[in-house]
Each structure stands twice: as C-alpha cells, then as structure tokens.
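Atoms considered below: every heavy atom in the structure, side chains included; atoms not considered: hydrogens, waters and symmetry mates. Sequential numbering from 1 along the given sequence is applied to the chain's residues.
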Amino acid sequence: MSMETKILIVDDDPVIILELSTVLKSLGDIYVANSGASAIATARDIVPDIILLDIGLPDVDGFDVLTELSNNEQLKHINVIVITAHGEFDNHFKSLSRGAIDFITKPVNELLLERKIRSMLMNRTHIANTVKSTSQTQLEQLKEQFVHLLSMLTEAVMITDVEGNIELANDYSKSLFGFDDLTNRNIKDIIPDDQLAHHQEASTITEQHDFTPIFKQMDLSKQNSQTIEVEVGVSLHKSEQDFHFLYVIRDQFEKKLTQARLLKAALYDSLTGVYSREALELDLEKIYGKKSNRASYLGCLLNIDRFNELNAVYGHAHCNQLLVDVATELKHLMQNLPVRIYRVGGDIFIIKSIQPIEKVNYANIKDTVQDAFSILLESVSQQLKHKLSISAVMSFFESDTVKNGAMLPMLEDALKNYKQTGKSGELIFVENTNYGRTVKVAALAQSMLSGLDFSSLSVVYQPKINSVNQVDSAEALLRWDNVNSAPLTLLDFIGVAESTGVIVDVGYFVLEQVCEMLKVIRQRVPDFHKKISVNLSIRQLADTKLVETFEAICKQHNVPTHQIIFEVTESVMAENINLLTSVIHALKTAGFGIAIDDFGTGQSNLSYLSQLPIDELKIDKSFIDKINSEDGDYPIVDMVISMAKALKLKVVAEGVETVTQATYLRSKACDLIQGYYFYKPLLLSDWLELNLQSVK
C-alpha cells in the first residue's frame, strides 16, 4: 500500500485515536482531528483518501461534518466510514444518507476494519485508474464493484428514480422479498401505494429540493404472500443527471432475534444457565398481586464455603464445573417446586418462589428444600470426588419485603450472622426476618463510615476471682448505647464495626478508657498491679500500626504494658495463624500479655500453644454451662485445665453462674473464675469503688 495514502481519524477519545492509528499506520499517512471544525479544516488542507469519523464530537456532530464534505466539490469523493458507539438504526441510516460508505459500531473489530480499509483503498486505486478511461466497459466494472459492496449488507438496499422504477437492488433485497430480479420492477410491487406518498409529490420535491427522510415501521408482503415486519428508511439524492430515492429496509425478525439474544445474555447466567442477578432484581420489582396476610415468598441463599480455597487448590476450571454441577443439581431437585434459581455472585445462589406460599404449606416447602440441600451436598461431593461444604439460610418473606427488594440483603445479613457464630455447612431456617433491622444495620454502617459517635460507647469491667475469692484482675467489655438504634444489639454493632473497619478505632478507644481508668487508680494506689484483659479482633490484628499505637497509648497514661492482656478468640487464632504469629510476638516483645479466648471451640491444631508466647487460656462458656454436678464428668474442662498446667499457662473459666460450677472448677485447680456468680460487669464508678475502698 502506497505511503502517499492519507487517512484522517476524527475522534475526541485519545485511546480510540491511538488504537486506530496503531492498526492503520501500515496503510498510509495518519492524520488526526479531535473536533468537527478541525476535521473539516484538515480535510481541506490534505484531501484524505479515507476519513474515520465519530458522530459524537465536542463542537459539531459527525452528521454536520458529512454534510459539509458532501457539499464541497473537492471533498465529496472522500470515502467516509462512521465509527461510533451509537449503533441505532436511524444513526446508521442517517450516516449512509449523508454520504458515508460504511457504518461500524464500537468496540471496533480491528482486524475487520483494517481489511475493509485495505479493500477500499484497493478499490479506490482501481477506480482512480478506471476514471482515466471513459470506456463503457470500465464504467460497468465500477458499477459491479459497487453492487458487490451492496451485496455485503444485511439490509435491503434499493435505488429508484422519482417514478419508483427500481434501478439497482442488492442481493439481500431479492432474497428478502422472494424475487429473482428487481431491476424491471417498480417499488410499488413491494411497498403499497398508500405508503408511497412521496412518489406522488416527486415533481414538487425535486423542484424545491425539500425532502425530509422517512423512517417508519410497516408490514410488507413477500412474493409468496408471507407478511414480514420491517423498518423502512427513504432518502432523496441527486446525481449529475437526475434525482433518485434510496430505500434501506431492515427485517424486524433479525432485529428481534438479536434483542432476544441480548435479553437472554442479561437474564441468564452464562456459566450455569440459571437466572442471573439482573433477572432476580427484575423479579423483585414486580408487583405480585394483592397483599395477603396468609401468604409469603420463599427465599433461600446458598453460599459455597471456602470457595477461594477451592479455586487455589483445584483451579478455576474445576471450580467452574463445581458451580455448573451445583446449578444442575439444584434445577433437578427443585423441578417440582414453584421456584426459580438465580446465581447472584461468584459462588452464591438464590432460590425464590414464583408465587406466594400459604402458611399451611410452609412446613412442606421447608422440608422439601432441606431434603434437597442434603442430597445436593452428597451428590455434588461424589461428582467432584472431594467434600463440599455449603452454608445456606432460608426464610419466608412478606409480600411488601419482596416488592421492596429487601429479601436479598436480609438473607445476606442472616448468613453473615450465622457464620459469625463460627458455624458453617448447614441449611438453617430463620423464623423471623426483620426488614427494619436490615435497614438499621445499613444505616449504622453508613453512620460509622461518616464518623463514629464515641459518646455512645463506654467500658465496663468484669472481675476475675482467684482461689481465695479475691479480685485478681478484670476483663474490659465494650458497651453501646443503642437507644436510637433498637432493635440492634452490641453484637450487631461489633459486626458492623468489623465489616466497615471501624473496629480498629473502637479497639483504640477501649484501650484509652482502660489506661485512663488505671491512671486514676494508680494515682491513689501507686502499686496497683491488677491486670486488665482487652479483646482483639482480626481486623485490628491486620492493622500495621497496632503495636506502635498500643504502646503510645500506654505511655501517654503512664501505664506499664505488662498490666494489659490482649485476648484473641481461638477461632481467629486457628484460621489466621500466619498473620497472628508476628503480631503476637511483637505484642509480647512490647510487654503485653496474650490470652486465648473461647478455648475449645476452634477445632484447631494445638501445636501453636507451645510455639506462641501465650499467658492464659480461657475455657469457653459453652463447656462451663454443662457443669451441673460437683461429682460429674466433664472431660473437656479437665483436659483444658490439665493442658494449661502442663504448659505453665494460667487458666480462666468464664461464664460461671452457679456455686456448683465454681466448686467443681476450684476442685480442679482452675486459676481464675469469671462470671455472674461472683460479679456482673461493673460500671467504671463501681469498679473504681471496688478497688479504692481499701485506701479510704
């Protein structure tokens, strides 16, 4: 291709300009304009061979540029290709009507564009050579090339004289209407007289050069009398000899097929074939008939546990097949229920009833879904040849909740609360879903992100009692004034603080309050040595400035770091041991104590107990609750106490509420006891009174 070829790219998007320039640089010299005015000026200066024109320009639109080029004797012969993101039919039609030779929608198929321009330039070179000769043979060849270009279009294109006689028709026109040849026919053979008023006014139109392009839908008959729905566009053009009408006709059936494909792509998940999140949102927006106090909708959310780990171990292809198998099994198991299945996230599925379910049918539906869940786990695990764990929550929702689109966030909230208990791998039924509570949780999260109200927070202290019934130490516990946020609880507050990351600042607040309390007591009792335990969350442990900030807070209040013990739950310890190892060693190096809270519930490898600098083990309350006899057998409690003694760790029993529990624990040499049997959590004033009464 000669480098004398000039290609002008007109677009205001530098990324598009770069992409097109890179693709076409081998075809000729590239020129660039980023506005309509500069495009026209540049075209006048260089007279390009090809113009790639965007419609949406910042000053004048591409249609005006086309008009200006068409009215300029020097420029009207330039081949203009419209490249735009606005691919509507009327834009396509309007572009061709104003002189463009092709219309391409973004994103551009670069290979196809390069081939098209290469072909056009070759044709242009051929045409330029042909124009040098006036022979009829060469003119006929040029016409054949034009007809060949028309044959590539997927719209029917016909050119008539002002009387309607068809002068040229592409192959698609013939196949669309079932004719072998159209050149000896009149457009009236295709479009009824009552739709062709412009032909009746042809003399007036041509005299005044005043014709507004026509664009409308109509039903036309094929030669075999079959009726087809089409879009018809008509425009008027003037050649050197006469006026002509250009008809562009598009079959609506093809358009509807395209729309159907797009709709399917939007409403169905491409991987699994079940409904998509978009389909769920559309369904939830529908109005489901009259409100009924006796009817609700089933909603069930399924989440594959540790899906990221499965991806890491087995790979994406395996996990994609896992998702397909889960979806296929769900469709099979639910085929007799009036429900739809949706995939709303990477590994999250929703089951929702299509119609309201009467209360008398609740139990049957619930049992059916529960049975299906059990079969699903077993069946898919067998197919994949490894154990599959899925957590799911299910409930029934009133019509108004479904209409308002609140079902999904409520299910997500219920699943989150379920997993916060440390459990997984089961389908649980939530009896009472509360839309108001979900809204409150969302509002709380937003208020936290805007700025936490620390005036609503306080710290209480629950004493720990030693073997001679003396207060040995205490645990600092957070309290939240939720008067304006009922029915949310402290656990809700902590959960939202965890999810938003605000828990880091809450942790600093608690330590500030503890150090301020210790400062007050140490001013009265300089040798006050009682240690205070403070809880740590996983989000806090991920804070890179944690140890540095803790040390600074203690130093500011002149509190020895060894007087603070940080408690980490066993489940957090077991699941994040790599993260925690360095943090715990850093805390210990700084002088802080370390305790494992809720010990016995984490189901973890106990080897870390001897590897980490731990000071205390706290037996979880669930094991203490089972102690109902001083002579009973409680092997887990006995084992934890024995293990702690062997490792030279202090052991604390929390949640002690009866004399029987206290007596049994004392008989097993439990170091410290914490619970309502001795003390409930004390307000700051009561805790100060308890510790200062000896110096009054």
Side-chain angles (χ1 to χ4, degrees), residues 8-13 16 33 35-37 39-40 43 50-72 75-108 113 116 120 146 149-150 152-160 162 168-170 172-173 176 187 191 195-199 201-202 205-206 208-218 229-239 243-252 254-255 258-259:
L8 174 60
I9 300 172
V10 184
D11 204 301
D12 61 342
D13 187 340
I16 297 296
S35 69
I40 295 169
I50 300 284
I51 297 179
L52 306 181
L53 177 64
D54 186 21
I55 292 176
L57 298 173
D59 48 359
V60 297
D61 64 29
F63 299 123
D64 292 332
V65 174
L66 282 169
T67 300
E68 183 69 21
L69 295 174
S70 298
N71 293 334
N72 189 302
L75 306 177
K76 66 181 182 180
H77 67 281
I78 298 172
N79 291 334
V80 181
I81 301 175
V82 171
I83 299 180
T84 179
H86 305 284
E88 295 81 7
F89 176 81
D90 52 344
N91 286 334
H92 192 166
F93 177 74
K94 195 173 180 180
S95 298
L96 295 177
S97 300
R98 297 203 180 187
I101 66 167
D102 206 346
F103 184 96
I104 298 176
T105 56
K106 298 177 182 177
V108 177
L113 176 64
K116 279 192 174 186
M120 287 178 186
F146 176 65
L149 290 174
L150 288 180
M152 298 170 63
L153 300 177
T154 55
E155 291 94 4
V157 178
M158 290 175 282
I159 298 175
T160 74
V162 293
L168 182 66
N170 66 348
Y172 188 81
S173 302
L176 178 61
I187 195 67
I191 303 177
Q195 302 283 357
L196 295 171
H198 57 286
H199 278 292
E201 303 170 1
I205 292 171
T206 55
Q208 299 179 358
H209 294 193
D210 182 18
F211 179 74
T212 302
I214 298 170
F215 172 72
K216 61 182 179 179
Q217 296 183 355
M218 60 180 72
E229 183 182 352
V230 296
E231 290 177 339
V232 177
V234 187
S235 60
L236 181 68
H237 298 270
K238 186 180 184 304
S239 67
F243 286 89
H244 305 270
F245 285 109
L246 171 67
Y247 290 82
V248 179
I249 304 174
R250 175 184 289 178
D251 186 359
Q252 285 289 77
E254 294 292 335
K255 181 179 179 180
T258 301
Q259 291 174 336

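- Taking CG of Asn91 as the reference point, atom CG of Asp61 lies at 9.5 Å (rounded to 0.5 Å).
- Counting heavy-atom neighbours within 6.0 Å of His86 NE2, excluding the residue itself, gives a total of 12 or less.
- Note that CD1 of Ile55 and CG of Asp11 are 11.0 Å apart. Values are rounded to the nearest 0.5 Å.
- Between the OH atom of Tyr172 and the CG atom of Asp251 there is a distance of 5.0 Å, given to the nearest 0.5 Å.
- Leu57 is listed as a side-chain neighbour of Val65, based on a closest heavy-atom distance under 4.5 Å.
- Residues passing the ring pair (Phe, Tyr, Trp, His ring centres under 6.0 Å) test with Phe63: none are found, sequence neighbours excluded.
- Exactly one of Ile214, Val234, Ile159, Ile187 qualifies for a side-chain contact (heavy atoms from CB on, under 4.5 Å) with Phe245. That residue is Val234.
- At least one donor-acceptor pair closer than 3.5 Å links the side chain of Ser70 to the backbone N or O of Leu66.
- Contact check for His244 versus Thr160: no side-chain heavy atoms found under the 4.5 Å cut-off.
- Using modelled atom types, one side-chain atom of Asn170 and one backbone atom of Val157 make a donor-acceptor pair closer than 3.5 Å.
- Ring orientation note: the planes of Phe93 and Phe215 are tilted relative to one another, at an angle of 30° to 60°.
- In this structure, the side chains of Val80 and Leu69 come closer than 4.5 Å at one or more pairs of heavy atoms.
- Side-chain atoms of Thr84 and Ser95, non-hydrogen and from C-beta on, never get closer than 4.5 Å to each other.
- In this structure, the separation between CD1 on Ile81 and CG on Leu53 is 10.5 Å, given to the nearest 0.5 Å.
- Of the possible donor and acceptor atoms, one in the side chain of Asp59 sits under 3.5 Å from a partner among the backbone N and O of Gly36.
- Scanning both residues, Leu8 and Ala33, for their nearest heavy atoms gives CD1-N, 4.0 Å.
- Across His237 and Ser97, no two heavy atoms sit closer than the pair CE1-O, 2.9 Å.
- With a 4.5 Å cut-off on side-chain heavy atoms, Leu75 and Asn71 do not count as touching.
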Let's go through Arg250 and His92 carefully: what are the C-alpha distance in whole Å and the side-chain angles of both, what is the deciding distance for side chain to side chain contact (heavy atoms under 4.5 Å, CB included) to 0.1 Å, and is it a yes or a no? CA-CA 11 Å; Arg250 175 184 289 178; His92 192 166; 3.9 Å; yes
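- At a threshold of 4.5 Å between non-hydrogen side-chain atoms, the residues Asn79 and Ile51 do not count as touching.
- Side-chain atoms of Tyr247 and Ile191, non-hydrogen and from C-beta on, do get closer than 4.5 Å to each other.
- To the nearest 0.5 Å, atom NZ of residue Lys94 and atom OG of residue Ser235 are 12.5 Å apart.
- Between Leu52 and Ile83, the closest heavy-atom pair is CB-CD1, 4.0 Å.
- Separating the NE2 atom in His77 from the CG atom in Asn72 is a distance of 9.5 Å, to the nearest 0.5 Å.
- The minimum heavy-atom distance linking Ala100 with Val82 is given by the pair CB-CG2, 3.8 Å.
- Heavy atoms only, all atoms of each residue included: Phe103 and Glu88 are closest at CZ-O, 4.5 Å.
- Asp13 and Lys106 are not joined by a salt bridge, as no carboxylate oxygen comes within less than 4.0 angstrom of a charged side-chain nitrogen.
- Side-chain contact, Thr67 with Asp64: no donor N or O sits under 3.5 Å from an acceptor N or O.
- Counting heavy atoms from C-beta on, the side chains of Asp54 and Val10 never come closer than 4.5 Å.
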